[in-house]
**Q** 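My structure is below; once you've seen it, I'll send some questions.
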Amino acid sequence: MDTEIRLKRLRFRAWHRGVKEADLMIGGFFDARAATWGEDQIDWFEALLEEQDVDIMAWAMGTQPVPARWEGPMMDDLKTLDFVPVSR
């Protein structure tokens with residue numbers, strides 16, 4: 001599949017999780033970082049989207065330990081949460 005089409009599909013899935021907080025976290029992460037990803041990072045993110053939102057959010061916020069499968073630079077980047085817009 002063409003990378004551009006794949007990224008468009010991933011963006012849609014990242015922003016349509018079903019829970020507003022998950023949309024902001026996962027979709028915001030995608031929007032902020034995907035332009036720099038290579039195939040390995042795209043593969044990682046695509047597989048991560050198969051996980052439950054509550055699990056992804058708990059791992060990113062540090063309220064649950066990250067399973068070994070997801071540990072690494074991408075999860076470290078997701079944990080920064082500096083991509084989530086905050087309105088005041």
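Note that these values count all heavy atoms, side chains included, but never hydrogens, waters or copies made by symmetry. Remember, it's a predicted structure, so these values are computed and weren't measured experimentally.
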**Q** Under a 4.0 Å N-O cut-off, is there an ion pair linking Asp2 with Arg9?
**A**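 Answer for the salt bridge query: no.
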
**Q** Please check: side-chain N/O of Trp15 versus main-chain N/O of Gly27, any donor-acceptor pairing under 3.5 Å?
**A**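 Side chain of Trp15 to backbone of Gly27: a pair is present.
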
**Q** Using side-chain heavy atoms (C-beta onward) and a distance below 4.5 Å, is Asp43 in contact with Arg6?
**A**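 Counting from C-beta outward, Asp43 and Arg6 do come under 4.5 Å.
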
**Q** For Glu51 and Leu48, indicate whether the former's side chain and the latter's backbone hold a donor-acceptor pair under 3.5 Å.
**A** no

**Q** Salt bridge (charged side-chain N to carboxylate O under 4.0 Å, His left out) for Asp53 and Lys20? Distances and angles first, verdict last.
**A** CA-CA 10 Å; Asp53 294 345; Lys20 176 89 171 169; over 6 Å; no

**Q** For residues Ala14 and Phe45, report the shortest heavy-atom separation together with the two atoms involved.
**A**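 Minimum heavy-atom separation between Ala14 and Phe45: CB-CZ, 3.9 Å.
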
**Q** Please find the pair of heavy atoms, one from Ala47 and one from Trp70, that lie closest to each other, and give the distance.
**A**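 Where Ala47 meets Trp70 most closely, the heavy atoms are C-CH2, 3.4 Å.
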
**Q** Please step through side chain to side chain contact (heavy atoms under 4.5 Å, CB included) for the pair Arg33 and Thr80, ending with a clear verdict.
**A** CA-CA 12 Å; Arg33 306 292 198 267; Thr80 65; 3.5 Å; yes

**Q** Verify the neighbour count for atom CD of Glu39: are there more than 12 heavy atoms of other residues, nucleotides or ligands below 6.0 Å?
**A** yes

**Q** For Leu7 versus Ala34, what's the shortest heavy-atom pair and its separation?
**A** CD2-CB, 4.5 Å

**Q** Are any non-hydrogen side-chain atoms of Phe30 and Phe12 less than 4.5 angstrom apart?
**A**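 They are not in contact (no side-chain heavy atoms under 4.5 Å apart), so the answer is no.
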
**Q** Does the ring center of Trp44 lie less than 6.0 Å from the ring center of Phe29?
**A**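 No, the ring centres sit 6.0 Å or more apart.
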
**Q** Look up atom CZ in Arg11 and atom NE2 in His16, then write down how far apart they are to the nearest 0.5 Å.
**A** 8.5 Å

**Q** Examine distances only and state if a side-chain atom of Arg17 and a backbone atom of Leu24 form a donor-acceptor pair shorter than 3.5 Å.
**A**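 A pair under 3.5 Å: no.
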
**Q** Passes side chain to side chain contact (heavy atoms under 4.5 Å, CB included), Met75 versus Arg69? Steps please.
**A** CA-CA 10 Å; Met75 182 58 70; Arg69 172 182 179 178; over 6 Å; no

**Q** List the steps and the verdict of side chain to side chain contact (heavy atoms under 4.5 Å, CB included) for Met61 and Met25.
**A** CA-CA 10 Å; Met61 292 186 290; Met25 178 184 287; 3.9 Å; yes

**Q** Would you sort out whether Leu78 and Ile56 count as a side chain to side chain contact (heavy atoms under 4.5 Å, CB included), showing the intermediate values?
**A** CA-CA 9 Å; Leu78 180 61; Ile56 296 170; 4.0 Å; yes

**Q** Would you give the length of the straight line joining atom CD1 of Ile5 to atom CG of Leu10, rounded to the nearest 0.5 angstrom?
**A**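 If I round to the nearest 0.5 Å, the distance is 12.0 Å.
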
